[in-house]
Every structure is written in structure tokens, then in C-alpha cells.
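In what follows, a structure is listed as C-alpha cells, so that the remarks can point back to it.
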Amino acid sequence: MRASGGASPRPAPPKRSAPPTTTKLPVPASSSLAMPAPRLAHLRRLLSLHSPPPHPLAPSPVRPLLPSSILPRAMAGAAQAGAATGSAEYEEVLGCLASLIKQKVRADTGNRGNQWELMAKYLQILELEEPIARLKVVHVAGTKGKGSTCTFAESILRSCGFRTGLFTSPHLIDVRERFRLDGLDISEEKFIRYFWWCWNKLKVKTGDDIPMPAYFRFLALLAFKIFSDEQVDVAVLEVGLGGKYDATNVVKAPVVCGISSLGYDHMEILGNSLVEIAGEKAGIVKKGVPAYTVPQPEEAMSVLKQRASELGVSIRIVPPLDPRQLEDQPLGLHGEHQYMNAGLAVALANTWLERQGHLDIIHVKDHGTLPDQFIKGLSIACLQGRAQIVPDLQVSSECKDASCPLVFYLDGAHSPESMEICAKWFSHVTKKDTAQPGPLEQPRSGINSKKILLFNCMSVRDPQILLPRLLDTCAQKGLHFDQALFVPNQSQYNKLGSHASPPPGREQIDLSWQLSLQTVWEDLLRGKKGLNGTSSSGASLVFESLPSAIKWLRETSQQNQSTSWQVLVTGSLHLVGDVLRLIKI
């Protein structure tokens, strides 16, 4: 299989004993990819006491030696990522936010706690202690499914008529995604106003003794300010990392808390065993606060029960939601695993209503189905990047018939357990798509299909665990990939949360990690890691940029319209967000 423009898939020699040949990758200049306007005069006035750091441009690129087999940059795809939509002031805000990102190595176990006592000082500076105490909070931790659980719970309570605030992480395209009011991302105008209020107060009161809060802590503080000033009836908070030392855990008395499925993730910070990980997650359990969880591995469950017992509360185990309770309505978030998250969300929402004295507003049915508000909330819940199906409208508009030959299946799985769940979902929906066409599914029954993997993961992940889990599970379901594409994340070149493009002038990019991912993939397909004899074409490519990979996929699908191209995008939520940014314009 050859890529467009004459580029060939990179061959995979058994051993690489000699340094690769090199080539310089051209980057044409483009005036359409300019950085945002300089700092506005009125912002200088607002920050006259303590000016924020200057705009953080992308760091100077390293210039490694690159194999000549890497596919060249596709500037047509890069141009699509270049349309900046935010105002100049919003870009200024994003620059300030980016300055809070600490360049600490994630594997530094000293991150545990990391001056937790500073959070109390930040709350005092921002005068948020009392506003937080007044919030009616649903607090959720976990390894897998905590974002989905929060999304379901918020949607249920909103459908019951309450004003809701939802704080989740990470964002995929725009940082405002983390802050939802009544189911919608906070407006740019409100975000800017609340941001400067927090930023200015903190800049005045912080210094050598009390540094500015790190990035996630600032966002959590901002969420508390937004939700308190917007007078939400309920604030649903997703823990960022762990639980005990998470910035959201300054809430001393939530209405109810929940812990979703636990597994191995962020072990460099939370610990190398489920016992240690569960201990960190259990840190959100509070005395006198009802706690719920889902079925867990025995060693993790024992830790949760022990922590609850120490606080004099019982932790209740919630089974997956029975689909029959939905009266034939589908969940808004796709995948069989979402019934587990939906079951937890129903328990959290029901307990919140009960403790706030609002059970009278829902109508309990005699035949065992959920109240109408619950069914509506579960069916309209929306969370990007989790089992999401997106046909490429650009390719569809250029096709001769009404069908779309290129469909992206996006899931931000990045742990072994979530990779297995992702593989089951992709195997199921791609089979169903051929048999049962629908508006979000592949409407090309009876024709050939190609399964493509578009993959990247962070270097703290182990691809020798993630990729075998993906391939093994797909193989068990009878699915084999025809091609694998390995790319760097586009967002690493962008200002935080911005729609701006990578700055012009980069000539070379370090793709050593993507090349190592390709090596793991090809070794697996040669049977070195044991795939139970699974056969596959094994073709793989490393692309120098994500836009070039998207361009290649589009051109290939347009040239082969009799074939359905089904692309699984996984391994990183950042990658999923970057793909959405490129294809949903």
C-alpha cells in the first residue's frame, strides 16, 4: 500500500544497527498562520501591578536526524488547523494559563501531595471558603469512567430542572470545555471575566513564599469561582488525578461522592498497586457523606471499604444499569461499558435529590423503569472523545453519492483496561455500521471496508502493554487492522487550548517516539509478543504531522470510494482532540 504523492510505508527491518539516513523536512512560511495580536493596552492597565508572563510561544524545536522514509508534511492539512477563532483577549488569557504549566517530570513521585497546604491559602486569597461550603457538590473520582459518570449525573439533574455546573478534564479542543453551565461550555466573555478576577487577585498576593497555583489547581479554583457566582443548584466535579491531594478535594462536605472503576493508570504518581491507587481515590470519601462505587477488583474494594469504615460511612456498590430501565432509549454515550457509569450516575443523582429534599419532583413508575427525567438525562448526555463517531464531512461533500467513505471512531483510551473496552466498542460498532446504517454510522452496506488505526500515546505509557491489549481484543472479535498510522500530537505545538497553528519555521520534528511505537506494532504482527497466530497485513506508516496523516486518509478514501475507511483514533485524549480540531471545522 502506497501513500499519495509516491511516499511509501516505512519498511520495518528486524534490527536497526546503523543510524538512519537523514532528510530535512521543509516548512513553507504562511501568513495565514500568524500568532495572535500583541497584548492589549487595557490588559496592561488591568495588570499594571503585576504583569503576567509574556505569550509563551512554542519552544524551539529540537532538530534530530530523521529517516528518509517518513512521509512529508501536508500543508493543506496544516492550513485547516490554522483558523484561530478566539479573540485577541482570549488568546492573551490562554497565554497566561500556559505559563502555569509546570515542567516537572510526571514520573517524579514527589508530586504526591506537592504542597497541598497551598490550596488553603489560595482559597483565602480568592475568598472562596464560604462560597465553596455553600455549593451542593457531587464529587467523583476513579480511573475509568469518572468523566462519563459526571456527564450522566449532570445531565440527569439538569433534566430535573436544576441549574448545573460541570467541571471535567481534560479538554479536547478548547479549555472552556472544562466548565459547563446548564450543559453548555462557558461563554468566552464569562470565561475571560472570571479568569482575570482570579488571576489579578492571585498575582497581587503571590510571590516567593506563595507561588502562583499550578495549572490544574488554578482551573479548579476558577471552577469554584464560576459555579458560586453563577449560583448553580448543583456542582458536579470530576477529580483530576487521584483524589486525596486533588485540587477538587478542598470541598469538605459534598452532598454525595462516587468512585468509578479503578485500574492501573498514573502509577508514577499514585503508586504501582491497586491498593495504593485505591487509597488515593478513597481520599474523597468524607464523614457523613454517602459514598457509592461500582464492582471493583477485590484488593481495591477492600481499601475503599476500610476507608469508609474509618469514617463511619458505608460505601454502597452499584450494579450496571439495566438497559430495560431506559424504555428502549439509548444512552447518550456509546459503548457497553457506559451502563456501568450510568448506573453509578443514577445512584449519585438520586441521592443528591433525596438529600436536598427534591425527590417529590420525579415520578417513580410502577413497572421498574427510571423516571422520565432520568431517561431523558441519560439519553441526551454528551461527552466528546469517548466512543464518538464522526463522519468526515469534507470527504462526504466531495463524493459522488450521499455516503461517507471516511469515518473516524474516536476514543481517548490510554490505559490497558480502557484499551480493551475501546477495542470491543470499535469491533462492535464497525460490524453494526455495515448492517444497520444510521446518521452517525457507516452507511455503506455490502462493500469492502478497511480498518485503520491512528495512534499515539504519551511516553509515560507502555505501548508494549497498550497495543497488545488492543490487538488481542480486536482479534478475538474477528477484527484485523489493514493499516496503522503513528503521528505526534498536534497540540504539543499549539498554545494551550488555542485554535492557532504551529508556528512557522520548524524544520524538523523529533519522531523517535512514533518510530518506537511503529517498531512495537510491527514486532507484534510478526508474532514476537504473542498474538495467538493472528494474521494481518501489517502495513504501517509514521507521519511527520497529524495534518499530513489526515490529508493522506482523505485523499486515499476519495481515490477509493468503493471502500469504506473506518479509522480508530485512540491512545491519547490529546490526539483525539487534535483530530476533532482538524475534521470538525
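All residue numbers refer to positions in the sequence shown, counting from 1. Computed from a prediction, not measured in an experiment: that's the story for all the values here.
For the pairing with Phe179, the ring pair (Phe, Tyr, Trp, His ring centres under 6.0 Å) check across Phe195, Phe224, Tyr194, Phe167 returns one residue only, Phe167.
Between the side chain of Arg581 and the backbone N or O of Ile173 there is at least one donor-acceptor pair closer than 3.5 Å. Although no hydrogens or angles enter the test, the distance criterion places a donor-acceptor pair under 3.5 Å between the side chain of Asn249 and the main chain of Lys244. Using a distance-only test at 3.5 Å, with no hydrogens or angles considered, a donor-acceptor pair links the side chain of Ser99 to the main chain of Cys96. Panel note: side chain Asp182, backbone Thr164; a donor-acceptor pair is recorded below 3.5 Å. Side-chain N or O atoms of Ser148 include none that pairs as donor or acceptor with a backbone N or O of Gly145 at under 3.5 Å. At distances below 3.5 Å, not a single donor-acceptor pair connects side-chain atoms of Thr143 with backbone N or O atoms of Leu262. Of the possible polar contacts, one joining the Asp411 side chain to the Ala387 backbone as a donor-acceptor pair under 3.5 Å is found. Counting only distance, with no hydrogens or angles, the side chain of Glu354 and the backbone of Leu359 share no donor-acceptor pair below 3.5 Å. With hydrogens and angles disregarded, no donor-acceptor distance shorter than 3.5 Å links the side chain of Arg193 to the backbone of Phe191. Remark: the backbone N or O of Ile277 is not paired with any side-chain donor or acceptor of Glu280 at under 3.5 angstrom.
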Could you go step by step and tell me if Val236 and Thr151 meet the side-chain contact (heavy atoms from CB on, under 4.5 Å) rule? CA-CA 8 Å; Val236 182; Thr151 300; over 6 Å; no
Please report the C-alpha distance between Leu378 and Gln329 in whole Å, then the side-chain angles of each, then the deciding distance to 0.1 Å, and finally whether the side-chain contact (heavy atoms from CB on, under 4.5 Å) criterion is met. CA-CA 9 Å; Leu378 291 169; Gln329 291 294 315; over 6 Å; no
Step-by-step side-chain contact (heavy atoms from CB on, under 4.5 Å) determination, Gln356 to Val234: CA-CA 10 Å; Gln356 295 302 301; Val234 54; over 6 Å; no
Could you give me the CA-CA distance, side-chain angles and deciding distance for Arg176 and His171, then say whether side-chain contact (heavy atoms from CB on, under 4.5 Å) is met? CA-CA 8 Å; Arg176 292 180 296 114; His171 64 272; over 6 Å; no
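Distance check, rounded to the nearest 0.5 Å: CD of Gln373 to CZ of Arg158 gives 13.5 Å. With rounding to the nearest 0.5 angstrom, the OG atom of Ser302 is 10.5 Å from the CD atom of Gln296. Interatomic distance, Ile186 CD1 to Asp174 CG, rounded to the nearest 0.5 Å: 11.0 Å. Atom CZ of Phe216 and atom CZ of Arg178 lie 7.0 Å apart (nearest 0.5 Å). Note: Lys201 NZ to Leu221 CG = 13.0 Å, rounded to the nearest 0.5 Å. Here Cys198 contributes atom SG and Leu219 contributes atom CG; the two are 10.0 Å apart, rounded to the nearest 0.5 Å.
Under the 30°/60° scheme for interplanar angles, the aromatic rings of His358 and Phe162 are found to be tilted.
Between Glu188 and Ser87, the side chains place a donor N or O and an acceptor N or O closer than 3.5 Å (distance only, hydrogens not considered). Between the side chains of Asn350 and Tyr292, no donor-acceptor pair is found at a separation under 3.5 Å.
Taking the side chain as every heavy atom from C-beta outward, Leu348 and Phe152 never approach each other to under 4.5 Å. Under the 4.5 Å side-chain criterion, counting only non-hydrogen atoms from C-beta, Trp196 is in contact with Val93. Residues Pro320 and Met340 form a side-chain contact, since some pair of their non-hydrogen atoms from C-beta on lies under 4.5 Å apart. With contacts defined as side-chain heavy-atom distances shorter than 4.5 Å, the pair Ile317/Thr293 qualifies. Residues Lys205 and Ile210 have side chains not in contact (no heavy-atom distance under 4.5 Å, counting atoms from C-beta outward). Side-chain contact between Ile125 and Leu202 is present, with heavy atoms from C-beta onward closer than 4.5 Å. In this structure the side chain of Met212 reaches within 4.5 angstrom of the side chain of Trp199, judged on heavy atoms. Phe374 places none of its side-chain heavy atoms less than 4.5 Å from the side chain of Thr369.
Here the closest heavy-atom approach between residue Cys160 and residue Leu353 is recorded as SG-CD1, 4.2 Å. Listed here is the closest heavy atom pair of Gly142 and Lys281: O-NZ, 3.1 Å. Closest non-hydrogen pair, Ile259 versus Val285, comes out as CD1-CG2, 4.2 Å. Closest heavy-atom contact between Ala282 and Leu304: CB-CD2, 3.8 Å. For the residue pair Leu166 and Phe227, the shortest heavy atom distance occurs at N-CZ, 3.4 Å. Nearest heavy-atom pair, Gly240 versus Asp246, reported as atom, atom and distance to 0.1 Å: N-OD1, 3.0 Å.
Atom CG of Asp209 is surrounded by 12 or fewer heavy atoms from other residues, nucleotides or ligands within 6.0 Å. Around the CD atom of Glu299, the shell of radius 6.0 Å holds more than 12 heavy atoms that belong to other residues, nucleotides or ligands. The number of heavy atoms from other shown groups lying within 6.0 Å of NZ (Lys286) is above 12.
Between Glu117 and Lys121 no salt bridge is recorded (no basic side-chain N to carboxylate O distance below 4.0 Å).
Looking at residues two or more places apart in sequence or on another chain, you find no salt bridge (Lys or Arg N to Asp or Glu O under 4.0 Å) involving Lys252. For Lys225, the salt bridge (Lys or Arg N to Asp or Glu O under 4.0 Å) criterion is met by Asp229, not counting sequence neighbours. In this structure Glu310 satisfies the side-chain contact (heavy atoms from CB on, under 4.5 Å) test together with Gln306, Arg307, sequence neighbours excluded.
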